[in-house]
Amino acid sequence: MRTDANAGALRLETRGLRALYGRTEALSGLDAAIPAGRIVAVLGENGSGKSTLLKVLARIRPPAGGEVLLDGAPLLARPRRETARRIAYVPQSVDLVFPIRALDLVLQGRAPHAPGFSADSAEDHARALDAMKACDVRDLAERDASALSGGEARRVFLARAVAQEAEIWLLDEPTAGLDPRHRLEFLGVLRRRHSESRLTVLLVTHEVDLAARIADRVLLLRHGRAVAEGPPDEVLTAGNLRLAFDVEFRPGAARLEAAALSERPPLTQ
């Protein structure tokens, strides 16, 4: 297993990863490294393979070729229950077909920890409610999740990831549709959980300024391949962004005024 002196051991790695979206090749031989305990932002235009990458890593979509390694071993060789405990996936949007209480949706995050098919325990309920409080959705516990607004539903799914207590978070456009207050609250929850638990986070976003502000590393995609990968200062250059998005960025615009935002707290080793 490769290591990065600046980032530590790799938690997830893709080697020549291919994936299909219908008949279209969404990932075309992608090589990428996600270091343990770091926040990695994935940027790219629509159709670049960002969401497909998360779904492959979450074992929702099978790869069409190549491989994914978790701690140096093939992901697909591990029991699904193990990966369900270790990897939390927060989708960009979900169409809930049947009514379900928001609390029950969050309790789904506790399922990988329960032995067999046992019912939710008092501890599970307590952890779920604590997670909902952390994500400012405690008052939505008895609401029908299928009737929530997009921003409310997104925070409920984030609470499910918190309750799951996974060490790896896969977040697909987590701030999309959030108002400024809840966007800041989400970033606060993410930073706090990352600091406390040394989470490994793979965060898909269209927000270049958010990636510059919060990520330790950036993976820039175009047509299912990596344009660049590394620290934000090295990746978010006008030239790389032009390659990824096919538009001109003026020098220094990569951060989109990110310097005016509050600084990230320093990483702890």
Side-chain angles (χ1 to χ4, degrees), residues 1-4 6-15 17 19 27 30-43 49-63 66-92 94 106 108-113 127-128 131 134-135 154-155 157-175 186-187 189-205 210-211 214-219 221 226 229 267-269:
M1 180 176 62
R2 296 199 319 256
T3 58
D4 184 324
N6 296 320
L10 299 183
R11 180 51 41 90
L12 285 167
E13 184 178 8
T14 69
R15 296 179 178 174
L17 184 63
L27 297 175
L30 177 65
D31 293 324
I34 296 89
R38 297 296 189 255
I39 298 177
V40 179
V42 185
L43 288 166
K50 304 185 303 297
S51 296
T52 300
L53 173 60
L54 292 196
K55 290 177 181 177
V56 172
L57 296 178
R59 299 184 68 173
I60 294 171
R61 185 180 295 277
E67 62 178 345
V68 178
L69 303 179
L70 172 61
D71 292 336
L75 176 67
L76 295 182
R78 296 177 181 270
R80 279 193 173 272
R81 194 175 187 84
E82 177 193 342
T83 56
R85 283 195 299 267
R86 299 185 63 186
I87 300 175
Y89 170 63
V90 179
Q92 183 175 359
V94 174
V106 176
Q108 290 177 356
R110 301 299 305 161
H113 299 278
R127 289 178 182 268
C135 297
R154 194 172 299 275
R155 287 183 285 126
F157 275 97
L158 179 63
R160 185 176 70 172
V162 173
Q164 189 174 336
E165 298 182 327
E167 64 198 57
I168 301 169
W169 282 13
L170 308 176
L171 308 177
D172 196 354
E173 294 281 358
T175 58
F186 159 76
L187 294 176
V189 170
L190 177 59
R191 283 175 168 169
R192 185 165 60 252
R193 292 289 169 173
H194 177 255
S195 176
E196 293 171 352
S197 305
R198 303 307 301 155
L199 296 172
T200 300
V201 179
L202 196 63
L203 182 153
V204 162
T205 182
L210 176 62
I214 199 171
D216 305 304
R217 296 178 68 80
V218 174
L219 172 62
L221 297 182
E229 180 182 9
L267 288 169
T268 57
Q269 298 299 323

Nearest heavy-atom approach of A226 to D31 is CB-O, 4.2 Å
Residues at least two apart in sequence or cross-chain that pass side-chain contact (heavy atoms from CB on, under 4.5 Å) with A88, listed by chain then number, are A161, Q164, A166, W169
Sorted by chain and residue number, the side-chain hydrogen bond (donor to acceptor under 3.5 Å, both in side chains) partners of R193 (sequence neighbours excluded) come out as none
All heavy atoms of R59 vs all of L75, minimum pair found to be NH1-O, 3.5 Å
In short, P35 meets R217 closest at the heavy-atom pair CG-CD, 3.4 Å
Exactly one of I39, V40, I168 clears side chain to side chain contact (heavy atoms under 4.5 Å, CB included) with I34, and that residue is V40
Sequence neighbours excluded, the answer for salt bridge (Lys or Arg N to Asp or Glu O under 4.0 Å) partners of R78 is E82
Just so I know, are the side chains of L54 and V204 near enough to count as touching, which here means a heavy-atom distance under 4.5 Å? yes
Taken in chain and number order and not counting sequence neighbours, the residues that satisfy side-chain hydrogen bond (donor to acceptor under 3.5 Å, both in side chains) with T83 are none
With sequence neighbours left out, the residues meeting side-chain hydrogen bond (donor to acceptor under 3.5 Å, both in side chains) with T205 are none
Closest non-hydrogen contact found for D71 with R11 is OD1-NE, 2.6 Å
Taken in chain and number order and not counting sequence neighbours, the residues that satisfy side-chain contact (heavy atoms from CB on, under 4.5 Å) with A58 are I60, Y89, L170
Hey, are the side chains of L203 and P174 touching, using non-hydrogen atoms and a 4.5 Å cut-off?
yes
Sorted by chain and number, sequence neighbours left out, side-chain hydrogen bond (donor to acceptor under 3.5 Å, both in side chains) with E165 holds for R110, R127
